Every structure is written in C-alpha cells, then in structure tokens.
Amino acid sequence: SSKLVIDSLMKHYPNVSRPAINKVSITIEAGEILALLGPSGCGKTTTLRSVAGLEQPTGGTISIDGIVVNDPANGIFVQPQRRNLGMVFQSYAVWPHMTVRENVAYPLLARKASAKEIRSKVDEALELVGLSDYIDRPVVALSGGQMQRVALARSLSYKPRLLLLDEPLSNLDAKLRIRLRDDLRKIIKEAGVTALYVTHDQAEAVVLGDRIGVMRDGELLQIDTPLGLYNNPA
Ligand code: ADP
Ligand code: ADP
C-alpha cells in the first residue's frame, strides 16, 4: 500500500474567484483509511479527483510513495493510469449487461494479464467482496449494494496500492448502506490498500475512517481520529 502526501493543494476553476480547495494538506500513511468529511460543495471531490489525476490542481503538490504526481509550479502531471490507483464512485460504474466475471476481469484484460492470471485474480477479488456465488450472473440481476461490491472488486482486482472512494454508498437505501458500510472497512483492510474515502455522512466517516479530515469551504479544518474529534469538536 502507498503513502499519499497532499501538500498545500489549490484548485481555482476558471472564472470562479473563490478557490474550490485552498491549501489543503493531508498525509495518509500506508494502509490507512482517511475519511474526508464535509457538506456538499466544500471541495472533497475536487481533492479526490486531483489525487486521481482527473483534475489538474492549480497549486501545491501531491506525491504517492515519494514520487511527485502533481506539481503545477514545475509542470509535473502524471497521467491517471500511471498512478496505480483504484476508484469507486457514487453511481455504479459497472456494465449492467455483462456478467460479474466480465466486469471484474475488464481492467485485467486492459492490462494484458494472461487468462490464468485473470481467472485467479477475479476469483480472489470476488471472494474478498463476498460475491463468489454470483460470478456468472449478469450485473443487472443484482441489488444496488451488490453492484457496488462488483465495482469494488473490479477496482481491487489489479491490486492498486491506493483506493479512492467518492460517496460509494449514497445511492443505496438506508438498510443496504449500513450493511455495506460495515463490510467496506473490513474489505479495504483485508485488501491492505491505502484509502481516501469521501463522504458527507458523519456516521460513515466514523465507521470507515482510521482518521477523519473535516472540510469546510475548500479548507481542511481538522484532521484527527474519530475519538480525537469527538473529544475536541470544531
Ligand atoms: P457532487 O455530487 O460531488 O457534489 P456535483 O453534483 O456538485 O457533485 O457536480 C457534478 C459535476 O458538476 C462535477 O463534474 C463537477 O465538477 C461539476 N460542477 C460542480 N459545480 C460546478 C460549477 N459551479 N460549475 C461547473 N461545473 C460544476
Ligand atoms: P464536494 O465534493 O465537497 O461536494 P466539490 O469538490 O465537488 O465539493 O466542489 C467544490 C467547489 O468547487 C464547489 O463550490 C463547486 O461548485 C465548485 N466546482 C466543482 N467543479 C467545478 C467546475 N468544473 N467548475 C467550476 N466550479 C466547480
């Protein structure tokens, strides 16, 4: 798993005077889950998309395992596919008419893995998320929670060192959300991957995060363990 260092990150969108994120600094240790918590519009997604390489920050640096992947002042920008990370989004980014196996195999195929390697890695990823029995079902036959498990298996199948999750539970009904919330932490820890978990839901941040970063209006207000934040609220 990777160590992620975000240092004084800035993002100004064109024609918007207020920065979407303003000098955000966060270090996530290898194997740690950092929950980024705050209301809609506070800059969580911009931070996560910058780490992914889907957004170009306008200042500051991001490094993964000591390698600078973003440094606009020095013209450094490493392409998303070179960052060795996995992503899970709010909406199920799975192909509904393909089977579970085909969905999870996709990134392995794209990486030109052998048929044998694909079979074993797909099996392993589905075991991790508890969907081994569903391997040959079309995704369209699954529940929303199961679809998110497929998305998770797909993003873990190639063993990224860093996992980025953006509100992965917010399209689920309350019951599924709570069940998957508890499982998600176990799955991430078992995969041994470093994780950045974006949410506006305090309970989710407390259950998932080893530490929680609290954002408001583009700035990081506080960063501490759930207990530390409870004892010393903002
Ligand atoms: P979220 O669910 O993370 O809050 P939004 O629904 O606010 O996301 O935004 C969805 C998309 O719209 C994103 O791609 C975001 O970059 C873009 N977006 C959000 N706010 C603006 C804005 N003020 N101007 C232009 N695009 C925006
Ligand atoms: P969050 O994920 O916490 O909801 P975002 O990172 O999506 O917040 O947005 C932070 C701020 O940046 C918001 O004010 C949003 O409207 C603005 N924003 C996001 N995307 C764009 C965009 N493409 N163009 C202009 N403003 C944007």
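Start at 1 and go down the list; that is how both ligands and their atoms are numbered. One is the number of the first residue; the rest follow in order along the sequence. Atom set for the values below is all heavy atoms of this structure, side chains included, hydrogens, waters and symmetry mates excluded. On a predicted model such as this, the values are computed, not experimentally measured, just so you know.
- Annotation: cation-pi pair Arg83/Phe77 present, NZ/CZ under 6.0 Å from the ring centroid and within 45° of its normal.
- Enclosure of atom CD1 in Ile76 by more than 12 non-hydrogen atoms of other residues, nucleotides or ligands within 6.0 angstrom is indicated.
- For Lys23, the NZ atom counts as loosely surrounded, since its 6.0 Å shell holds 12 or fewer non-hydrogen atoms of other residues, nucleotides or ligands.
- With Thr45, Val198, Leu36 as candidates, the residue nearest to atom 2 (O) of ligand 2 on a non-hydrogen basis is Thr45.
- Backbone and side-chain nitrogen or oxygen atoms of Ala20 are examined, and none is located within less than 3.5 angstrom of a nitrogen or oxygen of ligand 2.
- Of all atoms in ligand 2, numbered sequentially from 1 with element shown, those under 4.0 Å from a heavy atom of Cys42 are 1 (P), 3 (O), 8 (O).
- At a 4.0 Å heavy-atom cut-off, ligand 2 touches Pro39 through the backbone alone.
- The nearest non-hydrogen atom to atom 4 (O) of ligand 2, considering only Gly43, Ser50, Gly41, comes from Gly41.
- Interface of Lys44 with ligand 2, defined as ligand atoms under 4.0 Å from a residue heavy atom, comprises 1 (P), 2 (O), 3 (O), 4 (O), 6 (O), 8 (O).
- With respect to Arg185 and Asp210, a salt bridge is recorded, a charged nitrogen being found less than 4.0 Å from a carboxylate O.
- Remark: distances from the non-hydrogen atoms of Gly38 to ligand 2 are all 4.0 Å or more.
- Residue Val16 has no nitrogen or oxygen atom sitting less than 3.5 Å from a nitrogen or oxygen atom of ligand 2, judged on distance alone.
- Applying the 6.0 Å contact sphere to CD of Gln202 captures no more than 12 heavy atoms from other residues, nucleotides or ligands.
- Every atom of ligand 2 is numbered from 1 in the order shown, and the set under 4.0 Å from a heavy atom of Ser40 is 4 (O).
- In this structure, Arg111 does not pair ionically with Glu117, as no charged nitrogen and carboxylate oxygen lie closer than 4.0 Å.
- If you run side chain to side chain contact (heavy atoms under 4.5 Å, CB included) between Thr199 and each of Arg181, Lys44, Glu204, only Glu204 comes through.
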